[in-house]
Amino acid sequence: MFRLRKNDIWIGLTISVLLSLFVNFTLLNRKYEMGAGVAIVGAQPPDRVIYYLLVWFFLFSFVLFIASRLMFNVSDLLFRRREYPRVTLVCVVCLGIAFGMFRLAPLLYTPFAGWAETEWNFLDACEGIRPMPGTGDDRTFPLGKPFPSPPPHEPFTAPVLFWGEHLFIFLTVTLSSILIRLLNMKQQMRLENERLRAERWQNSYNALMGQINPHFFFNSLNGLGTLIQSGEQQRTLRYLDELSNVFRYILQSDRKGLVTLAEELQFVKAYTYLLSVRYEGKLFFSMRVDTPLLLWYLPILSVLPLVENAVKHNVISRQSPLRVDIYTSEGNELVVSNNIQPKVEENRGNGIGLKNLWGRYRMLTGKDLQISNQKGYFKVALPLINHLDHT
């Protein structure tokens with residue numbers, strides 16, 4: 001839970017280097033001008049001051065960044081699903097660390113400054129603005145002539161400019177850490193949504209396959225056995241062909257999401273033939289589809305659960321034959337309709353087949369089914385997707 005990702009360390013190093021160079025830009029620029037022989041206003045700080053400030057602000061930035069990343073991990077455990085308390089905790093802790101390091105800077109500079117032959121006051125070195133030569137200030141000398149040593153003073157003091165630099169780094173690092181967290185959260189949410197979509201589709205597909213295979217396989221074998229016993233060789237051979245087409249289509253469906261209406265109807269014709277043999281003279285199907293819509297798309301195996309529901313929940317007999325109509329509407333929809341004649345002992349069940357179809361349809365197309373139960377007919381309209389939009 002307290003681990004840091006490699007990217008966090010690299011980002012922290014990059015931000016720290018840039019901030020250290022940025023806040024020391026004035027001193028670095030003055031050092032460059034002095035080295036180039038350009039007369040400037042103000043004293044030239046020793047190299048040790050520049051080195052110290054470069055290293056110090058780098059460490060200050062890096063420590064704050066790492067601390068903020070670690071505190072976000074801790075706050076995730078303390079404040080679940082509450083973002084404002086997390087950010088508040090991180091800001092308070094980082095502010096305390098920043099203040100402690102700010103007070104520590106003079107203590108670390110004191111032994112560092114003792115290494116040099118001449119002691120310099122930080123305020124004179126970084127902020128002292130002196131007039132150019134000839135203005136009457138005897139402390140100012142032409143370029144190349146050494147400055148006299150300043151009077152004795154207290155070791156390294158923290159002027160207003162130094163305090164402002166620390167505050168600037170604290171705000172920049174904190175805001176950067178919060179921004180990185182928001183970007184990571186957005187990416188994680190996107191990945192989680194994709195995972196949930198794939199998982200939901202797979203679960204729906206597995207539920208559908210679990211519903212289809214046992215009953216369908218058992219009934220298909222019964223129908224095949226009946227044809228074999230009847231001795232009708234041609235019908236038996238066609239039955240086997242259509243049965244193989246049905247199973248081939250079902251087995252290939254796990255690699256497809258959307259199929260053309262022509263592909264789906266070819267499967268439906270094979271499947272309805274098997275049912276027609278089983279319910280000969282009792283179950284009738286009709287298909288009326290506009291030719292241009294054959295190239296439009298819909299989720300694979302969308303018609304199968306609707307036909308199965310019609311067969312499962314209605315009386316099918318010679319006295320009360322069941323008719324299932326499959327046709328396209330003016331609204332570019334595929335409609336599956338059947339007359340309602342419920343079984344006397346009918347147990348309505350939980351409608352899991354229709355729920356799975358609805359969920360798959362919305363997930364793959366972004367559209368909803370239209371269900372109607374009026375005037376003795378049960379109708380389900382499946383919106384079709386334009387083939388141009390799909391490509």
*Are Val173 and Leu167 co-members of a hydrophobic cluster defined by side-chain heavy atoms under 4.5 Å apart?*
yes
*Consider only side-chain heavy atoms of I, L, V, M, F, W and Y, link residues closer than 4.5 Å, and tell whether Val55 and Met101 are in one cluster.*
yes
If every non-hydrogen atom of [X] is compared with every non-hydrogen atom of [Y], which pair is closest and at what distance?
X	Y	answer
Leu54	Ser20	O-OG, 2.7 Å
Lys343	Val311	NZ-O, 4.2 Å
Ser177	Arg69	O-NH1, 3.3 Å
Cys94	Phe170	C-CE1, 3.6 Å
Ile97	Ala67	CD1-CB, 3.6 Å

Partners passing side chain to side chain donor-acceptor pair (under 3.5 Å) against [X] (at least two apart in sequence or in another chain):
X	value
Arg238	none
Gln341	Asn339
Ser61	none
Thr88	none

Any heavy-atom pair between the side chains of [Y] and [X] that's under 4.5 Å?
X	Y	answer
Ser286	Ile326	no
Phe378	Ile371	yes
Leu384	Leu334	yes

*Which residues, ordered by chain and number, are linked to Leu183 in its hydrophobic cluster, where ILVMFWY side chains connect at heavy-atom gaps below 4.5 Å, directly or through other members?*
Leu179
*Linking Ile, Leu, Val, Met, Phe, Trp and Tyr through side-chain heavy atoms less than 4.5 Å apart, which residues share a cluster with Val335?*
Tyr327
_The criterion is salt bridge (charged side-chain N to carboxylate O under 4.0 Å, His left out); which residues satisfy it with Arg248, sequence neighbours excluded?_
none
*Taking salt bridge (charged side-chain N to carboxylate O under 4.0 Å, His left out) as the test, write out the residues that go with Asp241, two or more places apart.*
none
Contacts of type side chain to side chain contact (heavy atoms under 4.5 Å, CB included), residue [X], not counting sequence neighbours:
X	answer
Thr14	Leu18
Ile11	Ile15, Phe65, Ile180
Val289	Leu261, Leu265, Leu294, Thr328

Hydrogens and angles aside, do [X] and [Y] bring a side-chain donor and acceptor to less than 3.5 Å of each other?
X	Y	answer
Glu264	Tyr249	yes
Thr260	Glu263	yes
Ser337	Asp325	no

*Determine which pairs satisfy salt bridge (charged side-chain N to carboxylate O under 4.0 Å, His left out) with at least one residue from residues 286-306, sequence neighbours left out, and list them in order.*
none
_Salt bridge flag under 4.0 Å for residues Lys367 and Glu333_ = no
*Indicate, with yes or no, if the rings of Phe22 and Phe168 have centres closer together than 6.0 Å.*
yes
*If you round to the nearest 0.5 Å, how far is CH2 of Trp56 from CD1 of Ile169?*
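Spacing of CD1 (Ile169) from CH2 (Trp56) equals 10.0 Å.
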*According to the interplanar angle, ranging from 0 to 90°, do the rings of His166 and Phe60 count as parallel (below 30°), tilted (30 to 60°) or perpendicular (above 60°)?*
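The rings of His166 and Phe60 stand perpendicular, inter-plane angle above 60°.
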_Working note: Leu13 + Phe58, criterion side-chain contact (heavy atoms from CB on, under 4.5 Å); need CA distance, chi angles, decisive distance, verdict._
CA-CA 8 Å; Leu13 291 173; Phe58 168 80; 3.7 Å; yes
*Show your working on side-chain contact (heavy atoms from CB on, under 4.5 Å) between Tyr239 and Gln234 and close with a plain yes or no.*
CA-CA 8 Å; Tyr239 190 93; Gln234 294 299 323; over 6 Å; no
*asked:* Determine whether Asp368 and Trp358 satisfy the following criterion, side-chain hydrogen bond (donor to acceptor under 3.5 Å, both in side chains), listing intermediate values before the conclusion.
replied: CA-CA 7 Å; Asp368 289 326; Trp358 199 319; 3.2 Å; yes
